[in-house]
Number of protein chains: 2
Amino acid sequence: MRSYRQYCGLARALDVIGDRWTLLIVRELLIRGSARYSELQDGLPGIPTNLLADRMRHLQRSGLVERGRTPPAFRLTPRGQALESVVASIGRWASPLMGETHPKDAVRDHWFVLPMRLYLRDDKPAAGTAVMQIELPDQPVVLRTNGDGSVGAQPGRAANPDATLTGTPDAVMGVLSGRLTLRQAQARALRFDGDVSVLERLAGRA
Amino acid sequence: MRSYRQYCGLARALDVIGDRWTLLIVRELLIRGSARYSELQDGLPGIPTNLLADRMRHLQRSGLVERGRTPPAFRLTPRGQALESVVASIGRWASPLMGETHPKDAVRDHWFVLPMRLYLRDDKPAAGTAVMQIELPDQPVVLRTNGDGSVGAQPGRAANPDATLTGTPDAVMGVLSGRLTLRQAQARALRFDGDVSVLERLAGRA
DNA sequence: CCGGATCCGGGTTGATACTG
DNA sequence: CAGTATCAACCCGGATCCGG
């Protein structure tokens, strides 16, 4: 992208992250922590491979991304990680746009990790760490209380979760957000196993 | 812009605000409250007139902007106003990028209104409203304590300010941010008139 | 002067094919 | 697996033109 050449923070930021696809690549790395080229392609349906290569070069030159060897995976630098608050802010603004699901839109289960981080809260931060396993059709996700009232979410599987939630993204997000009761969601093929108090601790008001 | 066609908040937001120039237009309206077409052009050096017209149509169709008659000025809808937190978040991320001033970059005095809103804090919210007039070379700005610890900033002139700060953007921002002492800034042709306690109340730690 | 519309060259993007 | 190469379509930038 051409620079705006304006002495203005917003304009200078957009010189770095304003290119098409760039912030979506940051999203993928925020969710996954580390990702290989082919994983990025899978998480960015529609991106032309030449653009992905261009953007990764640009993000490295800009100091937002670094690449590891063995395995050859990309990950965010601290400067890139700092974009989490920007992505969260945009995500919050976007929530009214998520009401209707357009049938031609692509979906990836791991995309729901960011809304989980953004909207879930831990009601009992002093009660010790709680771990919930989420089993979406194509992607397991681990929720873990951070002890400060926030809830961590990342792709993967935990060893001994206190509870497990299995179902479609819609049913799982419905229960976690409080839009659906557990009973309503179970009517939509959602399954819950384990300690119900952990679910009550995390889900509800949102 | 083409839609990403992804069921993801970030992607849907970028479908609306991800086009080149769009967020900078929002910046102009956040600063000015209301602006005519030619004022937008002045605040967006380098924008082609056809793109500005395109973007304004798009912003209106998307419900972020509405236009008044008599005078024919644009202003943000509540939905557009809600982008202030997004712009603030990006601005905060961008602050490390503002260290060096590139000689070819355009500058407009009113652009400094957003960093003022973002970084200034009122040390004595209970002490009643304080008003400071800022006289930048090309643009007067009014600072006003909001009573909740935040400080409002907008282009314009106040009737009876408690204090007046006159100088270049660099000197004014230096004093307000605490990067320069009043004495150091006065050596850079900054002038201060009025109640010094008001300056101390707003400036300092940032 | 204000508020655009029109036109055109060049750069960016999107889609696909190909390669070490 | 991790890209490069190619090319058409589209978007952007710069200039000019136009109606009130």
Side-chain angles (χ1 to χ4, degrees), chain A residues 1-6 8 10-11 14-29 32 34-62 65-76 104-106, chain B residues 1-6 8 10-11 14-29 32 34-62 65-75 104-106 108:
Chain A
M1 173 182 284
R2 278 181 57 135
S3 169
Y4 288 109
R5 297 203 168 282
Q6 298 185 359
C8 158
L10 180 64
L14 293 175
D15 285 345
V16 179
I17 58 168
D19 263 321
R20 192 159 164 75
W21 292 106
T22 299
L23 224 38
L24 296 187
I25 294 170
V26 171
R27 172 195 72 190
E28 289 300 307
L29 293 172
R32 299 176 188 262
S34 147
R36 307 180 64 123
Y37 191 89
S38 51
E39 293 176 312
L40 292 174
Q41 281 190 301
D42 175 70
L44 295 162
I47 194 173
T49 173
N50 58 339
L51 280 197
L52 178 55
D54 271 1
R55 297 295 185 264
M56 296 318 292
R57 274 190 291 268
H58 176 69
L59 284 168
Q60 288 173 79
R61 278 205 322 272
S62 305
V65 165
E66 56 195 12
R67 84 188 310 167
R69 312 249 160 210
T70 63
F74 300 94
R75 66 178 183 284
L76 294 170
K104 309 193 71 170
D105 280 6
Chain B
M1 173 181 283
R2 277 182 56 134
S3 170
Y4 287 109
R5 298 201 168 284
Q6 298 185 359
C8 158
L10 180 63
L14 293 175
D15 285 345
V16 179
I17 58 169
D19 263 321
R20 191 159 165 75
W21 294 106
T22 299
L23 225 36
L24 296 187
I25 293 170
V26 171
R27 172 195 72 191
E28 288 300 307
L29 293 172
R32 299 176 187 262
S34 147
R36 306 179 62 124
Y37 191 88
S38 51
E39 294 175 312
L40 292 175
Q41 282 190 302
D42 175 70
L44 296 162
I47 194 173
T49 171
N50 58 338
L51 282 197
L52 179 55
D54 272 1
R55 297 297 183 263
M56 296 318 292
R57 273 190 292 269
H58 176 69
L59 284 168
Q60 288 173 80
R61 278 205 324 271
S62 306
V65 165
E66 56 194 11
R67 85 188 308 168
R69 312 251 161 208
T70 62
F74 301 94
R75 66 179 184 284
K104 310 192 71 170
D105 280 5
R108 293 291 183 275

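Keep in mind that this is a model prediction, so the values were computed, not measured. A note on names: the letters A, B, ... follow the listed sequences, proteins ahead of strands, and every chain is numbered from 1.
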In whole angstroms, how far is the [atom2] atom of [N] from the [atom1] atom of [X]?
X     : N      : atom1 : atom2 : value
B/D42 : C/dG3  : CG    : C1'   : 15 Å
A/R69 : D/dC1  : CZ    : C1'   : 14 Å
A/R5  : D/dG14 : CZ    : P     : 11 Å
A/L14 : D/dC12 : CG    : C1'   : 16 Å
B/E39 : C/dG3  : CD    : C1'   : 13 Å
B/R36 : C/dC2  : CZ    : P     : 8 Å
B/L44 : D/dC12 : CG    : P     : 15 Å
B/L24 : D/dG13 : CG    : P     : 11 Å

Out of C/dG4, C/dC2, D/dT4, whichever nucleotide has its closest atom nearest the side chain of A/R57: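 Selected nucleotide: D/dT4.
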With a distance cut-off below 6.0 Å to the six-membered ring centre and an angular limit of 45° from the axis, does B/R20 pair with A/Y4 as a cation-pi contact? yes
Does OP1 or OP2 of D/dG3 have a side-chain N or O of A/R67 closer than 4.0 Å?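 True: A/R67 side-chain N/O within range (under 4.0 Å) of D/dG3 OP1/OP2.
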Side chain proximity check, [X] to [Y], heavy atoms < 4.5 angstrom:
X     : Y     : result
B/I17 : B/V26 : no
B/R27 : B/L44 : yes
A/E39 : A/D42 : no
A/L59 : A/V16 : no

Base, backbone or nothing for each nucleotide of nucleotides 7-20 of chain C, written B, S, -, heavy atoms under 4.0 angstrom, 5' to 3'? B-----SBBBB---
With respect to B/R67, which candidate in B/R36, B/R75, B/Q60, B/M56 satisfies the side chain to side chain contact (heavy atoms under 4.5 Å, CB included) definition? B/Q60
